[in-house]
Amino acid sequence: MLEIIECKTRADMRAFFRAAKEAGYTREEEKYLREYAVPPLSLLSKNGPQAYFVAKREGKPVFRALTGVDLVFNREKGEMTGYFSLFDGESDEEAAQAILDAVLNKQSAWGME
């Protein structure tokens with residue numbers, strides 16, 4: 001059974017990073033992401049809300065995505081848009097679609113178009 005989690009705890013964030021095991025990141029890239037993709041060192045986290053999602057199947061993290069809003073960009077461009085990144089994991093279409101749905105729902109909740 002597939003479960004989608006919005007990461008709130010350290011354990012959730014560990015699962016978030018484990019979900020990309022099959023994505024082919026090098027050890028150095030993983031270290032960089034762990035250091036700079038999350039607050040307080042994530043520069044984008046200072047510009048608006050962010051959410052980290054992980055899909056688990058039978059307790060194993062299989063897919064992930066980071067989504068957020070850059071309010072500074074939106075103010076400068078006069079837009080109401082968000083972004084997503086780190087959209088990767090195992091080759092699992094159902095998990096990818098469920099994560100994308102969670103991202104879109106979160107962006108809508110933040111008032112983004």
Side-chain angles (χ1 to χ4, degrees):
M1 176 141 183
L2 190 64
E3 175 186 18
I4 305 300
I5 297 168
E6 182 176 350
C7 300
K8 300 286 188 187
T9 67
R10 287 181 187 224
D12 293 342
M13 288 305 292
R14 282 192 298 273
F16 176 85
F17 285 106
R18 280 195 311 271
K21 185 177 180 182
E22 303 295 321
Y25 290 101
T26 66
R27 180 179 296 248
E28 292 80 21
E29 289 168 326
E30 278 292 329
K31 182 180 177 188
Y32 178 87
L33 289 174
R34 286 179 190 270
E35 200 166 319
Y36 295 106
V38 295
L41 297 180
S42 166
L43 295 177
L44 278 175
S45 69
K46 295 171 182 17
N47 291 354
Q50 287 185 318
Y52 300 79
F53 290 101
V54 65
K56 289 184 175 184
R57 186 179 303 289
E58 297 173 14
K60 178 187 174 204
V62 295
F63 214 91
R64 71 175 182 187
L66 160 64
T67 190
V69 176
D70 185 338
L71 297 172
V72 174
F73 174 85
N74 283 352
R75 191 169 37 253
E76 288 175 3
K77 299 294 182 180
E79 297 182 4
M80 294 295 288
T81 59
Y83 63 86
F84 68 94
S85 63
L86 301 176
F87 186 77
D88 47 34
E90 295 181 9
S91 181
D92 186 325
E93 188 175 327
E94 180 187 19
Q97 185 61 57
I99 287 286
L100 188 55
D101 291 343
V103 165
L104 293 173
N105 289 337
K106 191 64 160 182
Q107 287 294 335
S108 290
W110 285 332
M112 298 301 109
E113 298 170 355

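Position 1 is the first residue of the sequence, and the numbers go up from there. Here the structure is a predicted model, which is why all the values come from computation and not from measurement.
The hydrophobic cluster containing Leu2 also contains Leu104, counting ILVMFWY residues as joined when their side-chain heavy atoms lie under 4.5 angstrom apart, directly or transitively. Leu100 and Met112 end up in different hydrophobic clusters when Ile, Leu, Val, Met, Phe, Trp and Tyr side chains are linked at under 4.5 Å. Under the 4.5 Å side-chain contact rule for hydrophobic residues, Tyr25 and Val38 share a cluster.
For Phe53 and Phe63, the ring centers sit 6.0 Å or farther from each other.
Residues Gln50 and Tyr83 have side chains in contact (heavy-atom distance under 4.5 Å, counting atoms from C-beta outward). The closest side-chain heavy-atom distance from Val54 to Asp12 is not below 4.5 Å. Between Trp110 and Thr67, some side-chain heavy-atom pair lies under the 4.5 Å cut-off. Two residues are said to be in side-chain contact when any heavy atoms from C-beta on lie closer than 4.5 Å; Thr81 and Phe73 meet this criterion. Val103 places none of its side-chain heavy atoms less than 4.5 Å from the side chain of Phe87.
In this structure, the separation between CG on Leu33 and CZ on Phe16 is 8.5 Å, given to the nearest 0.5 Å. For the atom pair Asp101 CG and Ile4 CD1, the distance stands at 8.5 Å (nearest 0.5 Å). Rounding to the nearest 0.5 Å places NZ of Lys77 at 11.0 Å from CG of Asp70. Atom-to-atom distance recorded for Lys46:NZ and Leu71:CG is 14.5 Å, nearest 0.5 angstrom. The distance from atom CD of Glu30 to atom NZ of Lys21, rounded to the nearest 0.5 Å, is 11.0 Å. Rounding to the nearest 0.5 Å places CD of Glu113 at 8.5 Å from CD of Glu79.
In terms of heavy-atom proximity, Ala51 sits nearest to Glu6 at CB-OE2, 3.6 Å. Between Pro61 and Ala15 the shortest heavy-atom distance is CB-O, 3.3 Å. Tyr52 and Pro39 get closest at one heavy-atom pair: OH-CD, 3.4 Å. In this structure, Gln107 and Gly82 approach most closely via the heavy-atom pair OE1-CA, 3.3 Å. Summarising the geometry of Leu66 relative to Ala37, their closest heavy-atom pair is CD2-O, 4.3 Å, with the distance given to 0.1 Å. Residue Ile99 comes nearest to Ala65 through the heavy atom pair CG2-CB, 3.3 Å, listed as atom of the first residue, atom of the second, then distance.
If you run side chain to side chain contact (heavy atoms under 4.5 Å, CB included) between Arg10 and each of Arg14, Met13, Lys8, only Arg14 comes through.
Under 4.0 Å is where a charged nitrogen must lie from a carboxylate oxygen, and between Arg57 and Glu90 no such pair does.
Note: Tyr36 and Tyr32 have tilted aromatic rings, judged against thresholds of 30 and 60 degrees for the angle between ring planes.
Evaluation of the salt bridge (charged side-chain N to carboxylate O under 4.0 Å, His left out) rule for Asp88 yields Arg64 as partners, not counting sequence neighbours.
Side-chain atoms of Glu3 never come within 3.5 Å of backbone atoms of Glu58 as a donor-acceptor pair (strictly under, hydrogens ignored).
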